[in-house]
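Residues: numbered from 1 along the sequence shown. In this text the structure is predicted, and so the values were computed from the model without any measurement. The figures here come from the full heavy-atom set of this structure, side chains too, leaving out hydrogens, waters and symmetry mates.
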Amino acid sequence: GAWALPSVYLHDSALDERTGHIFAVDSLAGTVLEISSAPPLWSGSASVSAGPRGLPGGAAGWSRSTLTVHRQHRVVAARAARAAHINGVTFDRRRVWVMHHNMSRNSEVRAFCRGSETACAVYALDGPGCHAPLWYRKQLLYLLSATGAIALLSPTGKSQTLWAAGAAFFSKGLAVVDDVAYFGVAEKQARFDRNKALVEIVAFDLQQRKLLWRKRTPTPGLV
């Protein structure tokens, strides 16, 4: 199915499997939308009870399903949203964790208690241009994109780069399966040449802390 969202610059989204809610990052507005569906999109049911801020479905077979904005988390003041450029989200039972890219400044990850606009914790990361926060064994993985790297934030607040392709590369897109992190690495290009960038998928063993392989994708383009 397809649904219109009340966002300006959607940069990332993530599913909370515990609640079934979707968190969507609006970089330009500086907000994270917490969205519920009725019925859940993965239930196979076609009945629906529309909410007051429901968003109509746009695909055959799901036309009676509705997405509803359950809550809007204001994580950046509107006047500072462009500079913060929030671009990633993850969560635990009590907090929403948001990646602040911060443009050319050092990136940060900020934790917000659900429903609060005040950060309850702020952690400086290893450099600028970070993306893709992802929980892994009670530690927070992320991509230090400016150097084509993967890094780890420990519960002590210490950040550590695990592996880097180098300053000529850019990393983006992170998943973990069976203690192996998979992410994309692309050659840095000028903004309008990004569709020509050569791209590789990297597999990195998080237990042994070593590179397993790098494989070129069959087509170019910033990952």
Side-chain angles (χ1 to χ4, degrees), residues 4-16 19 21-36 53 55 67-135 139-161 167 170-174 183 186 188-192 194 222-223:
L5 294 177
S7 55
V8 181
Y9 185 0
L10 183 67
H11 207 295
D12 189 27
S13 62
L15 172 67
D16 184 346
T19 64
H21 289 182
I22 300 166
F23 289 80
V25 176
D26 189 335
S27 298
L28 195 59
T31 59
V32 175
L33 303 175
E34 187 174 349
I35 301 167
S36 59
R53 298 181 63 195
L55 308 170
L67 295 187
T68 300
V69 178
H70 181 73
R71 183 179 291 112
Q72 180 171 276
H73 302 268
R74 164 64 62 185
V75 298
V76 182
R79 64 182 181 278
R82 189 178 295 274
H85 189 64
I86 59 175
N87 66 7
V89 63
T90 187
F91 31 78
D92 57 32
R93 288 181 177 270
R94 296 183 295 113
R95 290 156 295 205
V96 177
W97 297 73
V98 183
M99 177 69 76
H100 287 229
H101 181 284
N102 287 341
M103 308 310 282
S104 59
R105 297 177 292 117
N106 226 56
S107 296
E108 301 171 327
V109 64
R110 299 190 178 196
F112 296 84
C113 292
R114 298 198 186 203
S116 173
E117 296 182 8
T118 303
C120 53
V122 179
Y123 297 98
L125 302 180
D126 248 7
C130 295
H131 290 82
L134 182 66
W135 286 110
Q139 300 179 94
L140 193 66
L141 284 172
Y142 65 94
L143 295 179
L144 183 54
S145 300
T147 55
I150 183 171
L152 188 70
L153 178 68
S154 74
T156 65
K158 182 179 179 181
S159 194
Q160 176 188 5
T161 298
F170 176 89
S171 54
K172 197 172 183 182
L174 175 63
F183 55 98
K188 286 182 180 177
Q189 301 282 351
R191 181 176 181 182
F192 296 106
R194 290 177 178 175
L222 186 67
V223 65

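Between the D126 side chain and the I150 main chain, no donor and acceptor come within less than 3.5 Å of each other. Under a 3.5 Å cut-off, the side chain of S27 and the backbone N or O of I86 do form a donor-acceptor pair. Here the side chain of K188 pairs a donor or acceptor atom with the backbone of A146 at under 3.5 angstrom. Put simply, the side chain of N102 never gets that close to the backbone of R105: no donor and acceptor are under 3.5 Å apart. Between the side chain of S171 and the main chain of A149, a donor-acceptor pair closer than 3.5 Å is present. No side-chain donor-acceptor contact under 3.5 Å links R82 to the backbone of A84. Between the D16 side chain and the F23 main chain, no donor and acceptor come within less than 3.5 Å of each other. Under a 3.5 Å cut-off, the side chain of T19 and the backbone N or O of H21 do form a donor-acceptor pair.
Side-chain contact between S7 and L33: present, with at least one pair of heavy atoms (C-beta onward) separated by less than 4.5 Å. Side-chain contact between L153 and K158 is absent, with no heavy atoms from C-beta onward closer than 4.5 Å. Within the 4.5 Å cutoff, no side-chain heavy atoms of L134 are placed close to those of L140. Residues P128 and M103 are not in side-chain contact: their nearest non-hydrogen atoms beyond the backbone lie 4.5 Å or more apart. For the pair V32 and V98, the minimum side-chain heavy-atom distance is below 4.5 Å. Taking 4.5 Å as the limit, every side-chain heavy atom of W97 sits out of range of all side-chain heavy atoms of R110.
The distance from the CG atom of L141 to the CG atom of L152 is 5.5 Å, given to the nearest 0.5 Å. Summarising the geometry, atom CG belonging to L144 is positioned 8.0 Å from atom CG belonging to L125; distances are rounded to the nearest 0.5 Å. Note: C120 SG to F112 CZ = 8.0 Å, rounded to the nearest 0.5 Å.
The minimum heavy-atom distance between S107 and C130, with the atom names listed, is OG-N, 3.0 Å. In terms of heavy-atom proximity, A124 sits nearest to S159 at O-CB, 4.3 Å. For the pair A132 and L174, the tightest heavy-atom approach, listed with the atom from each and the gap, is O-CD2, 3.5 Å.
Less than 6.0 angstrom separates the ring centroid of H101 from the ring centroid of H131.
Defined by atom type and a distance below 3.5 Å, a donor-acceptor pair is missing between the side-chain atoms of E108 and H100.
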